Structures are given as structure tokens and as C-alpha cells.
Visitor: 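I'd like to ask you about the structure that follows.
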Amino acid sequence: MRKLIDAPANQQTGDVIGKSQPHESAIRQVTGQARYVDDYVVPMGTYHAAVGLATDTRATLKGLDLEAVRQSPGVIDVITIDDIPGQRDIAPVFDGDPILVDGEIRFHGQPLFAVLADTHRHAQQAATKARVVSEPLPPCLSVSQAHEQQRFVRPLHRMERGDWQAGLESSQHIASAHLSIGGQEHMYLEGQVALAIPDEEDRLLIHTSSQHPSEVQKLVAEVLDVPLNKVVVDMRRMGGGFGGKETQAAQWACLAAVLARRNGRAVKLRLPRAQDMQATGKRHPFENGYTVGFDAQGLIQACHVDISGNCGISADLSDAIVDRAMFHADNGYYLGDCLVEGHRCQTNQVSHTAFRGFGGPQGMIMAEAMMDRIARTVQQDPLSVRKRNLYDADARSETHYGMPVGKPLLADLIEKLEHSSDYWQRREAITAFNQGSPVIKRGLALTPVKFGISFTAKHLNQAGALVHVYTDGSVQVNHGGTEMGQGLHTKIAQIAANELGIGTDGIEVTATRTDKVPNTSPTAASSGTDINGKAVQNACQQIRQRLAEFYAASVNGDADTVVFSQGRVQCNGKSTTFQDLVQQAYIGRVSLSASGFYKTPKIHYDRDTGKGRPFFYFAYGAACSEVQLDVLTGEYKVTRVDILHDVGNSINPAIDRGQIEGGFIQGMGWLTTEELRWNADGKLDSNNPATYKIPAIGDTPAIFNVDLYPRANDEDSIYHSKAVGEPPFMLAISVWCAIKDAIASTADYRHDPDLNTPATPEQVLWALKSLEEPS
Ligand code: MTE
Ligand code: MOS
């Protein structure tokens, strides 16, 4: 059933833009030749580090006896926080992340000390041998406890429009509900790792698996108390990041750096999987509630959405994450007069962090929860209610934070998917099937996505690039973004090739390095191609302009008329190869290198008023999912999924489809099988792949149709494409809604069940039970 589509209509033509090209590392990755930090040939005498993790959830540290660690075979050095020469807090934005336990143990799995040994195994063995004397303190383990104890990592934020209380009072119908939303383990294939290589005096080279090399550079410099210009960070690729390496790769690089400096040796620190899962943050679990008022047609009049992120112990990125949940509590719908409130709860868990969607999914699911509840109340199909509540071009065109939505594309996109997925025919067939099938029930749901693109921290929306053309005409491109599997470097190579009129074969995108492009932003918020692509374009255009002027002068032509295409350069009826021109330009003393820069226009947000335009544009999509569920066991299978997703003008349809399919499946895992379990003492029980279940290939829907919505971005993004990294993740909310639809069929679609996520078979059984008629 899989449709193969190529470049969508309305595509900017060119030799390389809009063409499906394989990922630049695809062959190296499948043949095992792609190198990750743990594969690097290490310098002679490299030592290995490990961390010792706390086994208390909250306690005062009374004593830390490291004698047995020191005596363990192969051990060379042991450090605690008191051995950090410079800054001890490695928090990214707001204080609160000591590099090692600082007096108080604040979560189970918090690193207490680091040990250095001759081998990885020796370091691991030694790390288990500390004697910890601690005095337990009462931990805070849930959002509700945090509310009771008023423990927050950041202050409450509100976005408000109109007199929502009066709106609720005057509404014909009112519904309210509470939803527990689970977190998610990143489960990147490559775990956290760093290699620190000392250079002369206080200079240092760091290889890291990080989405944010510039922050690693800054924090390493700060813990060592050296200027930033002494530290170089190099990052070729990650084996997945998914947000889990945006801030939380830095700790391991910093510890390796301190040990490397103390011992004058290269130091590698790689976390074993179970430690990685305990000592690094996850997607925030949320506890959310809504009250919504609506009319007889199911049109929202007013609402109050109250969301609480479980941030874990410190702020990390939680302020922006809960903000993004709030920005997406509307999804594609006009909320009427409303109040959206976001609490940033502190618990004694590892500090939760960025994860694909960055809080957006946990907010957006509330909008879809409301749609289902409204639909069952007014007894209409959920799709009809969704369509009725979409933003329009008139009075209902502004978000609850005051941003005009622009052309309301979702209505058209949904209509197309409605047809291509045969929604209404299948709806009828499913209803009929369910009537005759007491045990197996089918469910169907079509849900949209509207996702805001830009960092909500305005200053991060900038990027730099450095492009070199060598005398043989080959090109090296460097930029501030990092490659984590998403295909950024592939798209960047296409952009550079297009601008210089050569093939991607001639372009080498090199490792991200802080000494090539400085002060970079993390590769996050799906903005990698948007901002770095523009910066690379800017650099290439400078070189192209110089070459054009040089060539035009040599053929008595006009520089503005020089054409660069397919490896050739033409002007005034003459032509030459790109390679020849480059050689001549070198001899003619023309600079063949340029740095580029870009900053996203138009964006602003005022936290005091809760209003602004935090996003350059929105990316859209919709998914129609069907499930089949066994009401006796609560088990289910996703049988068919149809997706129509908006990537603007696709730069690389194959890469974009990969992101859409992968994002959807990862979102499905979050909502279905991936269950984080902390025990009553605050220890993470689901700390390995045996107890934490991500989707496997067998969970892929048998029918999985993915199409790109053929429409250029209205905004001046790179070639009018749209970001694709995160938005498809939230298409998976359709699976959750389809499961609820199947459950609702057992009560003749009269009630919308409460279904917390992940919707494990247990949760499904609880939801089924909640709909049973009292006997
Ligand atoms: N795809 C792969 N294969 N691996 C990843 O780690 N991370 C996602 C998404 N897609 C990720 C991925 C996340 S969280 C983001 S923000 C974007 O890619 C980042 O890359 P981009 O900005 O270049 O899209
Ligand atoms: Mo993605 S969560 O913005 O790294």
C-alpha cells in the first residue's frame, strides 16, 4: 500500500533541491563504518572513567568513604565535587545542577563521584565500591505532592484571553477531566559518551555526543576555570539524540575533562545503558486538567486548561518545555475565552529534559482530549467536532497567546486526508463491525497537528556557517547544527550544492566544531535546517558572487547574468567548469572561503502579558489511525495509519518521509507501550530495554500511507520548506484517540473514556471498566 511519491508539486526546481537523496551516512551506518565517539581511535594511554550513583532518593550526605574505590584494581584517580577546579553548577539556564552530589542527594541515580581507571571495566567495578553514609530526607515523588508542598522549579506562567469564567458559566455544556500523561525514555541507540583529550597547557579537545557542542564547550571551560577559547568541541554525529543530548550530554564531557586535566591523559566516559537511563532526564510526565464550555454543536465557548509538568529536581529546560506545552494546548483549535496555566513542579526525580516536541505533545493531547469529550457529549462524530473548532480566517484566527495563525491550512489538509483515508466509509464499516463483534472492537480517529516552529528563547534563533572551496573545486561545509540521524547534513549538502551549482558529491559536510563556527545554538526545536540552511546559503552566495564577478570580468560579461549549474559556469555565451573557474580564481587571488549568518525574523514574545508571535510559522499535519482491540485482555494493534504532512517545499522527500514515519512511531511508543515506572521509594524500575518497551518493527502498522502536503511555506524559510523533526511525533495522538474510540464503542459511543497514557493494556482495561453500566 505504500505510495512512492517524489517531489510534491509547487517544488522549487533545481538539480538537487526536492530530490530524494539517501542520508549522507546511510551506507556507512548500515555497514558499521560510521564512527561514533566510542569507535574513535584513542590516543596512547587513554584512561576510562565511570560514575558512582546515589542509591538514596533524597538524603543528606554525611560521609563518602572512597577508600575501597581507590584500592580497586586499575584505579588511577577519584573525584568528588570538591575536586572541581572551577564552577560546580553546570545548569544550562537556571542554577541547580551540581556536576556531582553537593551535600544533599536529590534523586536516585544522582552521580556522587567519578572514578578513573585503566579500563572501562575496572572503572565500572570500582564505581560500585563506595561506602555512603547518608541521612534520609522525605522525598517529593509526584506532581500532587509538589503542589501540596508548593515545590516548583520555576514560577507559574499564564496565558489568558477574555472573560473565560463568564464564558464557562454561559456555556450550554460543560465538561472537565484530568489526564495523567506519562514521560518517555529517549532510548537513543548510542548512549551518553565523551572523550576528553588534553592538549598543551590548559587546552583541551572534546569529542562528545551532544546536540549542543557550544554549551559543552562553555561548561567544560567553566568547570576547568579556563577561557572558552582553550576548549574545542568536535561532534561528528550522534546515534540519536531526540532532545536527550540537548543539555544532558554536558555532564559527562565535563567530568571527563576534569579527569583529563588532572591526569594529563585522554579520558573516555561512557555510561552503561542502565546508568544512562537512571542518571539522565526523560520527557516530562504531566498531570493536566481541563474544563471546557461548548454549545450544542460542540463549538468551544470557553475553557480553562491547567497543566503541571513533573520537572524532576531542577529547572534544566523545564521553563521553555512547560511554555511549549501551554503554546500547544490549543493544537489547531480556537479555544474561545480561555486561561492556560502551566506549573513547573519539582520532584526528587532526575531532571526531566527536552524530548521531541519539547512539551508540545503533553499540551496538544489536552486539545484532542477535549475534542473527544465534546463529541461524545453532543453525540457527533469526533472528526466533525474537530473540523468545527478549527481556526478560521475571521474572528477565530488568533491563538490564546495572541499570534495570528495565518492561512488556516488544516481544514484543507484534513479534507484531503479524510478522502484519501476513506474516513467516513470506514467509520460506517467499523460501527457495523463493532455491533456484531462482542470481544474484538475497532476504533478510528483522525487528528491534526499544528506545531510552532522557532525556539521560544528568541536569542537561540541564529546560526552560523563556514564554507571553504578548495582549489580542486571540492567544497567543505561547516555549520552550527549537529547530525543525529535526522538528515540535517544531507539537506545542508543539497543546499550548498544548489547554491554553487554543483552536485552533492562535491560537498563534504564536516563535523560540527566550536572552532569553526562559534556560539552555536543547540540543534533542537526542529529548526536545524531552517536556520543552518539559511546560514550556509548565505556563505555560499558570498563565494558565488565573488566567483561570478571574477568570471564576468574575464568574459566581458555582467556578474548578475552568470549561471552556476550542473558543475558548469556560464556567462556571455561562454562557459567553463566550476573546477576550472575555482582554479583561475585562486590564481587571481579571490577568497574562496566565507562565513554565513542567519537570524530568524519576525519573532517576539512578552512573558509579562503572555502575548506575542513566538513562532516564525506553523507546521501542519494530520493522521488517521485505526486500531483493533480485545476487550477481554486490553491488548490492541494499530492496523492502519494514513498521514498527510506539511513540510512546505520538501528539500529531500525521502528524508522527510523518514522523519514523519519515525516521529509517528516514536510518538506511538510514548502513548502506548513505553511505561516509566518509579517504585514507591523513587527508584526507576524500568531502567533497561527489558523492562521498558519501545515499539519494535512488528508494531509498525501493516498499512502505513505517508504523503507530503504539496504546498510551499508562505514564510521566507529556506526554499520555502518547513521543519519536520518534531511535528510528526504528535500525529500519534490519533492512535490514542482511536483506542478511546474502540473503548467508547462498548458503551454505544455515548461516553468518552478516561484513558491515561501510556495506554497499556492495563490502562485500557481500567478505561473499559469505567464505561461499564453499574449493575
Ligand atoms: N531523528 C533522528 N533520526 N534522530 C534524532 O535524534 N531528534 C528529533 C528530530 N528527529 C532526532 C530525529 C528532535 S528532538 C529534533 S528537535 C530534530 O530532529 C532536530 O533536528 P532538526 O532540527 O535538524 O530537524
Ligand atoms: Mo528536540 S526535543 O527540540 O531536541
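Numbering of ligands and ligand atoms starts at 1, following listing order. It should be emphasised that the depicted structure is a prediction, and the values quoted were computed from it without experimental measurement.
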Visitor: State the atoms of ligand 2, each with its element, that fall below the 4.0 Å cut-off from a heavy-atom position in Gly243.
Guide: 2 (S), 4 (O)
Visitor: Does Asp97 offer a backbone N or O that forms a donor-acceptor pair with the side chain of Ser314 under 3.5 Å?
Guide: no
Visitor: Taking atom types as modelled, find out whether Tyr605 and Asp323 have a side-chain donor-acceptor pair closer than 3.5 angstrom.
Guide: no
Visitor: Specify the protein heavy atom at minimum distance from atom 1 (Mo) of ligand 2: its residue, its atom name, and the distance to 0.1 Å.
Guide: Glu726 OE2, 3.6 Å
Visitor: Using distance alone, determine whether Ser526 and ligand 2 share an N or O pair under 3.5 Å.
Guide: no
Visitor: Quick one: which ligand 2 atoms are inside 4.0 Å of a heavy atom on Glu246?
Guide: 4 (O)
Visitor: Counting distance only, does the side-chain N/O of His720 pair as donor-acceptor with the main-chain N or O of Glu715 below 3.5 Å?
Guide: yes
Visitor: Considering distance alone, does some N or O of Gln211 sit under 3.5 Å from an N or O of ligand 2?
Guide: yes
Visitor: Step by step, would you call Glu499 with Gln541 a side chain to side chain donor-acceptor pair (under 3.5 Å)?
Guide: CA-CA 7 Å; Glu499 293 299 331; Gln541 286 178 349; 3.1 Å; yes
Visitor: Give the residue, atom name and distance (to 0.1 Å) of the protein heavy atom nearest atom 3 (O) of ligand 2.
Guide: Ala525 N, 2.7 Å
Visitor: Which atoms from ligand 2 have a heavy atom of Ala524 less than 4.0 Å away?
Guide: 3 (O), 4 (O)
Visitor: When you compare the side chains of Asp316 and Thr353, does any donor N or O come within less than 3.5 Å of an acceptor on the partner?
Guide: yes
Visitor: Between the main-chain N or O of Ala524 and the side-chain N or O of Ser527, is there a donor-acceptor pair closer than 3.5 Å?
Guide: yes
Visitor: Hydrogens and angles aside, do Gln192 and His186 bring a side-chain donor and acceptor to less than 3.5 Å of each other?
Guide: no
Visitor: Phe355 heavy atoms, cut-off 4.0 Å: which ligand 2 atoms fall inside?
Guide: 2 (S)
Visitor: Using modelled atom types only, decide if a donor and an acceptor are shared between the side chain of Lys282 and the backbone of Met277 within a distance under 3.5 Å.
Guide: yes
Visitor: Just say parallel, tilted or perpendicular for the rings of Phe286 and His284, cut-offs at 30° and 60°.
Guide: tilted
Visitor: Where does ligand 1 get N/O contacts under 3.5 Å from the protein, atom by atom?
Guide:
unit_1, atom_1, unit_2, atom_2, d
ligand 1, 1 (N), Gln659, NE2, 3.1
ligand 1, 3 (N), Gly485, O, 3.4
ligand 1, 4 (N), Met484, O, 2.9
ligand 1, 6 (O), Gly241, N, 2.7
ligand 1, 6 (O), Phe242, N, 2.9
ligand 1, 10 (N), Arg356, NH2, 3.2
ligand 1, 10 (N), Gln659, OE1, 2.7
ligand 1, 20 (O), Gln486, NE2, 3.1
ligand 1, 22 (O), Ser526, O, 3.4
ligand 1, 22 (O), Ser527, N, 3.2
ligand 1, 22 (O), Gly528, N, 2.7
ligand 1, 23 (O), Gln486, NE2, 3.0

Visitor: Is a side-chain donor or acceptor of Asp646 paired with a backbone partner of Gly648 at a separation under 3.5 angstrom?
Guide: yes
Visitor: Which atoms from ligand 2 have a heavy atom of Arg356 less than 4.0 Å away?
Guide: 2 (S)
